[in-house]
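Working notes, structure below.
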Amino acid sequence: MSSTLFRTKKVEQSILDTEEPEHALKKSLSALDLTVFGVGVIIGTGIFVLTGTVAKNNAGPAVALAFAAAGVACALAALCYAEFASTVPVAGSAYTFSYASLGELPAWIIGWDLVLEFALGTAVVAVGWSGYIQSLMDNAGWQMPAALGSREGSDVFGFDILAAALVLVLTVILVLGMKLSARITSLVVAIKVTVVLVVIIAGAFLIKAENYDPFIPKEKPVEAGSSLDSPLIQLMFGWAPSNFGVMGIFTAASVVFFAFIGFDVVATAAEETRNPQRDMPRGILGSLLICTTLYVLVSIVVTGMQHYSRLSVDAPLADAFKATGHPWYAGFISFGAAVGLTTVCMILLLGQTRVFFAMSRDGLLPRFFSRVHPRFKTPHRPTILLGVIIAILAGFTPLTELAALVNIGTLFAFVVVAIGVIILRRTRPDLPRSFRTPWVPVIPILSVCASLWLMINLPAETWVRFGIWMAAGFLVYFLYGRGHSRLARGEAAEQQPTTGGGTTTL
């Protein structure tokens, strides 16, 4: 049984599957498109939504160090992703990589994990987008009914109609084709980067040195259920960390880590790239470098403009300009953030559908979902299904309940990919690798350690929810995926006895 659970799918077969007419995606993306996709999805929630939260509750002005730490951890993982994406240019990202190196059950686990990661990530960003739209409406004197607006910090039960509507509109765009998605993304990313540069340049003139005192707060209010309450840290290290100081920086890094998940979404588009061997590493590493630099600069500016204890949670950048007497900038930033978060939402939804599509094409999910649209050559069926589900999720679930669960899913994927690089180097040294992760196995091992360190800084309830989702995944695999796997059925066909000429072969 163990041999069937850990059977691997040959890289050559994975690439061959992409050429089946009914299951083939259109190759239309360039290195620039991939970099834009990466920047489009990375710059968003981290700057426009989470900066205020982690500065206020964890790191203070040292949130810039938290972004830098998270960026280093991501860079280690990005080097591993770049090798895999250029060697196995197939939709599915870490799921496909795991199938080629670790086996079917680990691939299923990571695919199931990615479905959760991208689905919740899309919902988180949609809720953040809704908050910025409502901020713009407030500036114009319009008030969204409590039952139809963002519910963060509100006791009113309602449905976030704006968040749900955004997801549904983006679902339609993704069904219509990747090139259309890339063009829209390019336009929106240009607007978003302009807004970020405005924040850095204009905000630099409004910095007050006293707002950086203390740069690493030693005491700060932390609500019950903080990520520092994780019993896993106490279990592993034998001590309960304090809710401030250096530990606050690492805790903040584990939260803002959510803002860096863009490069692994880029890897899901490998199959739709014209020259993946050359362009995937450029897109993954280039977008991560650009965004980490911008993140650090913005966090330094915003915590210098307004004391960290007074930063807002829903729209920290816009509200910081309001507090310094510059409401025009606040409106401009709210507009840019609202426009910019649409690309984050769209690319996360893109990644979600491509992983689902790849799992379906392998038979681990119903093959019904792996047929592409005859005209648009997109996986329209899973896109529509998942778009509707995520729209409902975004409408009903508060932001704080989602972000941490997305982080643990992302970090788990990073661990698996790093291990996969080491294994595939040993089992398939003959594979052509246009990009090679340097210093293997040192870099992958460091990536695993960094990811695990960030994981143990997440709340205990996040681990419980993650465990429940994984348990449900095991159930689905053993009830459906294991028996319907194309790899399993191919092996079964090879073992069927064939009689002819008086001889029997197996």
Side-chain angles (χ1 to χ4, degrees), residues 34-47 49-51 54 59 63-86 93-94 97 110 113-114 117-118 121 124-125 196 249-269 280-299 344 347-348 351 403-404 406-421 435 437-440 442-458:
L34 294 173
T35 303
V36 169
F37 270 147
V39 174
V41 70
I42 296 174
I43 294 182
T45 308
I47 290 182
V49 178
L50 293 180
T51 305
V54 294
V63 65
L65 299 180
F67 275 116
V72 170
C74 286
L76 296 172
L79 290 170
C80 299
Y81 268 89
E83 175 170 326
F84 256 128
S86 59
S93 186
F97 308 156
I110 198 63
D113 166 66
L114 289 174
E117 173 196 335
F118 293 146
V124 168
V125 178
V196 172
I249 296 175
F250 286 107
T251 302
S254 69
V255 176
V256 301
F257 186 84
F258 168 81
F260 288 90
I261 65 175
F263 69 84
D264 66 329
V265 182
V266 172
T268 66
M280 289 305 303
R282 294 181 179 180
I284 291 173
L285 298 172
S287 58
L288 180 61
L289 176 62
I290 292 170
C291 296
T292 301
T293 303
L294 293 176
Y295 273 18
V296 171
L297 291 176
V298 167
S299 57
V344 182
I347 299 168
L348 286 173
V406 177
N407 288 350
I408 195 170
T410 305
L411 289 164
F412 180 63
F414 287 1
V415 169
V416 172
V417 169
I419 294 173
V421 166
F435 178 89
T437 303
W439 301 332
V440 173
V442 176
I443 291 295
I445 291 174
L446 289 176
S447 178
V448 170
C449 293
S451 298
L452 289 175
W453 171 250
L454 292 175
M455 288 175 75
I456 64 176
N457 281 280
L458 291 169

Distance from [X] atom [atom1] to [Y] atom [atom2], nearest 0.5 Å?
| X | Y | atom1 | atom2 | answer |
| --- | --- | --- | --- | --- |
| Leu411 | Ile456 | CG | CD1 | 11.0 Å |
| Leu76 | Cys449 | CG | SG | 10.0 Å |
| Phe412 | Leu452 | CZ | CG | 10.0 Å |
| Thr35 | Arg282 | OG1 | CZ | 9.0 Å |
| Ile284 | Leu79 | CD1 | CG | 10.0 Å |
| Ile445 | Ile419 | CD1 | CD1 | 9.5 Å |

Return the minimal non-hydrogen interatomic distance between [X] and [Y], and the atom names on each side.
| X | Y | answer |
| --- | --- | --- |
| Met280 | Val266 | CE-O, 3.3 Å |
| Ile110 | Ala413 | CD1-CA, 3.2 Å |
| Leu288 | Phe260 | CD1-CD2, 3.7 Å |
| Ala267 | Ala85 | CB-CB, 4.4 Å |
| Leu34 | Ala269 | CD2-CB, 4.3 Å |
| Ala68 | Val296 | N-CG2, 4.2 Å |

For this session: Give the C-alpha distance, both sets of side-chain angles, the deciding distance and a yes or no for side chain to side chain contact (heavy atoms under 4.5 Å, CB included) between Val41 and Leu348.
Result: CA-CA 7 Å; Val41 70; Leu348 286 173; 3.9 Å; yes

Exercise. Is any side-chain heavy atom of Cys74 closer than 4.5 Å to a side-chain heavy atom of Phe414?
Worked result: yes

Exercise. Heavy atoms, side chains only, cut-off 4.5 Å: are Leu285 and Phe435 in contact?
Worked result: yes

Exercise. Can you tell me if Ser447 uses its side chain to pair, donor with acceptor, with the backbone of Ile443 under 3.5 Å?
Worked result: no

For this session: Check for a donor-acceptor pair, side chain of Thr268 on one end and backbone N or O of Val265 on the other, with a separation under 3.5 Å.
Result: yes

For this session: Please test Phe67 against Thr292 for side chain to side chain contact (heavy atoms under 4.5 Å, CB included), starting from the C-alpha separation and ending with a verdict.
Result: CA-CA 7 Å; Phe67 275 116; Thr292 301; over 6 Å; no

Exercise. Which class fits the ring pair Trp453 and Phe250: parallel under 30°, tilted 30 to 60°, perpendicular over 60°?
Worked result: perpendicular

Exercise. Passes side chain to side chain contact (heavy atoms under 4.5 Å, CB included), Thr437 versus Phe84? Steps please.
Worked result: CA-CA 9 Å; Thr437 303; Phe84 256 128; over 6 Å; no

Problem set entry | Steps toward side chain to side chain contact (heavy atoms under 4.5 Å, CB included) verdict (Tyr295, Thr51) | CA-CA 9 Å; Tyr295 273 18; Thr51 305; over 6 Å; no

